[in-house]
Enquirer: 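The following block contains the structure, expressed as structure tokens.
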Amino acid sequence: VSPHLTAQLRRLKEAGWVLAGQILAFLGGVVGIKLLTNLMPPEGYGELALGITIAGIVNMFLFGPLAQVVVRYYYICREQGTLDAYSRILTGLHRKAIYLLIGVGVPVIVLIGIAFGISWAVLVTVALIFSIPSGLQGSIQSLLGALRDRRVAALTQGADTWLRLGLGAMFVAWAAPNGFWALLGYIFGSLIVLLIQFKVIRRHNFGTPARTVPVELDTMRRAEMLGYALPFVAFATMSSIGQYADRWLLLGSGGANDVGIYA
């Protein structure tokens with residue numbers, strides 16, 4: 001078989017896995033949303049929709065830009081033979097993103113509890129917790145794409161949708177039909193997929209290896225990565241308004257019940 005034909009077959013196989021992942025996620029979304037909308041009243045589903053928007057906004061501003069860095073700098077560092085530094089720096093950046101989220105999130109939750117009551121503070125808390133495994137998943141999905149491990153990327157993409165929505169529906173049916181329990185199911189589903197992803201990238205020898213380059217080079221590369229990520233943070237401002245503002249406007253004018261009907 002000629003090298004050209006081999007490359008074409010490989011691309012076709014990769015495209016097949018990408019398509020399979022999209023189909024699995026789509027079917028999981030259809031089945032899961034049908035279950036949740038049957039199990040939950042509009043108000044409970046509205047709480048879930050608002051919680052998902054909180055996690056989505058966090059991912060847009062924190063983890064989304066880092067996922068772009070993952071893709072961009074994998075090829076650069078592979079060509080330069082500095083994948084150990086790449087792994088170490090990205091691990092540190094994601095850790096700092098989580099610390100930043102906790103540092104900002106805790107006082108915000110306290111203020112929400114004072115202003116709107118404990119139930120909304122609890123909902124925001126679980127939404128912020130959900131944003132962490134969800135955001136880390138996005139970065140690892142980007143890494144799997146850069147590694148061209150389409151099979152695992154497709155399977156984990158589909159599994160994430162089925163597990164999140166399935167466990168969300170199970171928790172709602174078992175406990176109570178509100179946004180808190182649905183989001184709790186989302187968290188457990190995302191954590192299961194995240195553990196699988198961690199195991200896979202370990203097989204690709206990614207982790208936090210011992211330092212093989214000077215600290216100064218790490219510092220320069222980290223600054224370069226952050227400089228690349230910052231424009232995506234700016235883009236997130238307009239994107240978050242376009243994607244999520246409607247639900248919050250409905251909450252202000254009509255309440256969570258109207259948000260649930262709309263969602």
Enquirer: Could you check whether any side-chain N or O of Gln141 sits under 3.5 Å from a backbone N or O of Ala153, counting only pairs where one atom can act as donor and the other as acceptor?
Expert: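 It does hold such a pair.
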Enquirer: Quick one: sort the Phe188 and Phe171 rings into parallel, tilted or perpendicular, breaks at 30° and 60°.
Expert: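 Judged by the thresholds at 30° and 60°, the geometry between Phe188 and Phe171 is tilted.
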Enquirer: With a 4.5 Å cut-off on side-chain heavy-atom distances among I, L, V, M, F, W and Y, is there a chain of contacts connecting Tyr228 to Leu230?
Expert: no
Enquirer: Grab the two heavy atoms, one from Val259 and one from Gly46, that are nearest each other, plus how far apart they are.
Expert: CG1-O, 3.8 Å
Enquirer: Looking at every non-hydrogen atom in both residues, tell me the closest pair between Tyr244 and Ile57 and how far apart they are.
Expert: CD1-CG1, 3.6 Å
Enquirer: Any side-chain heavy-atom pair from Thr156 and Ile196 closer than 4.5 angstrom?
Expert: yes
Enquirer: Which atom pair, heavy atoms only, marks the closest approach of Tyr86 to Val70?
Expert: OH-O, 2.6 Å
Enquirer: With rounding to the nearest 0.5 Å, note down the distance linking CG in Asp218 to CE in Met225.
Expert: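 Here the rounded value is 9.0 Å.
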Enquirer: Can you measure from CZ (Arg72) to CD (Glu224) and round to the nearest 0.5 angstrom?
Expert: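 Rounded to the nearest 0.5 Å, the CZ-CD separation comes to 8.5 Å.
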Enquirer: Rounded to the nearest 0.5 Å, what separation is found between the CG atom of Leu93 and the CG atom of Leu62?
Expert: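 Output value for this atom pair is 11.5 Å.
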Enquirer: Is there a path from Val110 to Ile118 through hydrophobic residues (I, L, V, M, F, W, Y) whose side chains come within less than 4.5 Å of each other?
Expert: no
Enquirer: Identify the two heavy atoms, one from Val172 and one from Asn178, that lie closest to each other, and give their separation to 0.1 Å.
Expert: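 Heavy atoms only, the tightest pair is CG2-O, 4.2 Å.
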Enquirer: When you compare the side chain of Tyr45 with that of Ile261, does any pair of heavy atoms fall below 4.5 Å?
Expert: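 Contact flag for Ile261/Tyr45 side chains = no.
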Enquirer: If you round to the nearest 0.5 Å, how far is CE of Met40 from CG of Leu35?
Expert: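 CE of Met40 is found 12.0 Å from CG of Leu35.
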Enquirer: Any chance you could measure Asp246, atom CG, to Ile241, atom CD1, to the nearest 0.5 Å?
Expert: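 Nearest 0.5 Å value for the CG-CD1 distance: 12.0 Å.
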Enquirer: When you group the ILVMFWY residues by side-chain heavy-atom contacts below 4.5 Å and let the links chain together, are Leu144 and Leu195 in the same group?
Expert: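 Shared cluster, no.
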Enquirer: Between Gly179 and Glu47, which heavy-atom pair has the shortest distance, and what is it?
Expert: N-OE1, 3.0 Å
Enquirer: Kindly compute the distance separating CD (Gln157) from CG (Leu155), expressed to the nearest 0.5 Å.
Expert: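 Rounded to the nearest 0.5 Å, the CD-CG separation comes to 10.0 Å.
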Enquirer: Side-chain contact, heavy-atom cut-off 4.5 Å: Leu128 with Val108?
Expert: no
Enquirer: Could you walk me through whether Asn38 and Lys34 satisfy the side-chain contact (heavy atoms from CB on, under 4.5 Å) test, starting with their C-alpha distance in whole Å, then the side-chain angles of each, then the deciding distance to 0.1 Å, before giving a yes or no?
Expert: CA-CA 6 Å; Asn38 282 340; Lys34 180 66 174 177; 3.6 Å; yes
Enquirer: Quick one: are Arg247 and Leu50 in side-chain contact, heavy atoms under 4.5 Å?
Expert: yes
Enquirer: The test is side-chain contact (heavy atoms from CB on, under 4.5 Å); show your working for Tyr74 and Leu147 and say whether it passes.
Expert: CA-CA 8 Å; Tyr74 170 77; Leu147 291 167; 3.3 Å; yes
Enquirer: Does the pair Ile129 and Leu183 meet the rule for a side-chain contact (heavy atoms from CB on, under 4.5 Å), with working shown?
Expert: CA-CA 9 Å; Ile129 292 171; Leu183 281 169; over 6 Å; no
Enquirer: Check for a donor-acceptor pair, side chain of Ser134 on one end and backbone N or O of Phe130 on the other, with a separation under 3.5 Å.
Expert: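 Judged by distance alone, no pair lies under 3.5 Å.
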Enquirer: Under 4.5 Å between any side-chain heavy atoms of Trp181 and Val126, yes or no?
Expert: no
Enquirer: Can you hop from Met238 to Phe61 via hydrophobic side chains spaced under 4.5 Å?
Expert: no
Enquirer: One pair to check against side-chain contact (heavy atoms from CB on, under 4.5 Å): Gln137 and Ile140. What are the steps and the verdict?
Expert: CA-CA 5 Å; Gln137 268 193 53; Ile140 296 178; 5.9 Å; no
Enquirer: So Asp160 and Tyr186, do their side chains get closer than 4.5 Å, heavy atoms only?
Expert: no
Enquirer: Taking C-beta and beyond as the side chain, do Pro177 and Leu39 meet within less than 4.5 Å on heavy atoms?
Expert: no
Enquirer: Hey, is the main chain of Leu83 close enough, under 3.5 Å, to the side chain of Ser87 for a donor-acceptor pair?
Expert: no
Enquirer: Look at the side chain of Trp162 and the backbone N and O of Leu24, then say whether any donor-acceptor pair between them is shorter than 3.5 Å.
Expert: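 Between the backbone of Leu24 and the side chain of Trp162 there is a qualifying donor-acceptor contact (under 3.5 Å).
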Enquirer: Could you tell me if the side chain of Phe180 sits less than 4.5 Å from the side chain of Leu48, heavy atoms only?
Expert: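 No, too far: nothing below the 4.5 Å cut-off.
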Enquirer: Determine the minimum heavy-atom distance between Asn59 and Pro65, stating which atoms define it.
Expert: O-CD, 3.9 Å
Enquirer: In this structure, would Trp120 and Leu249 fall into the same cluster of hydrophobic residues linked by side-chain contacts under 4.5 Å?
Expert: no
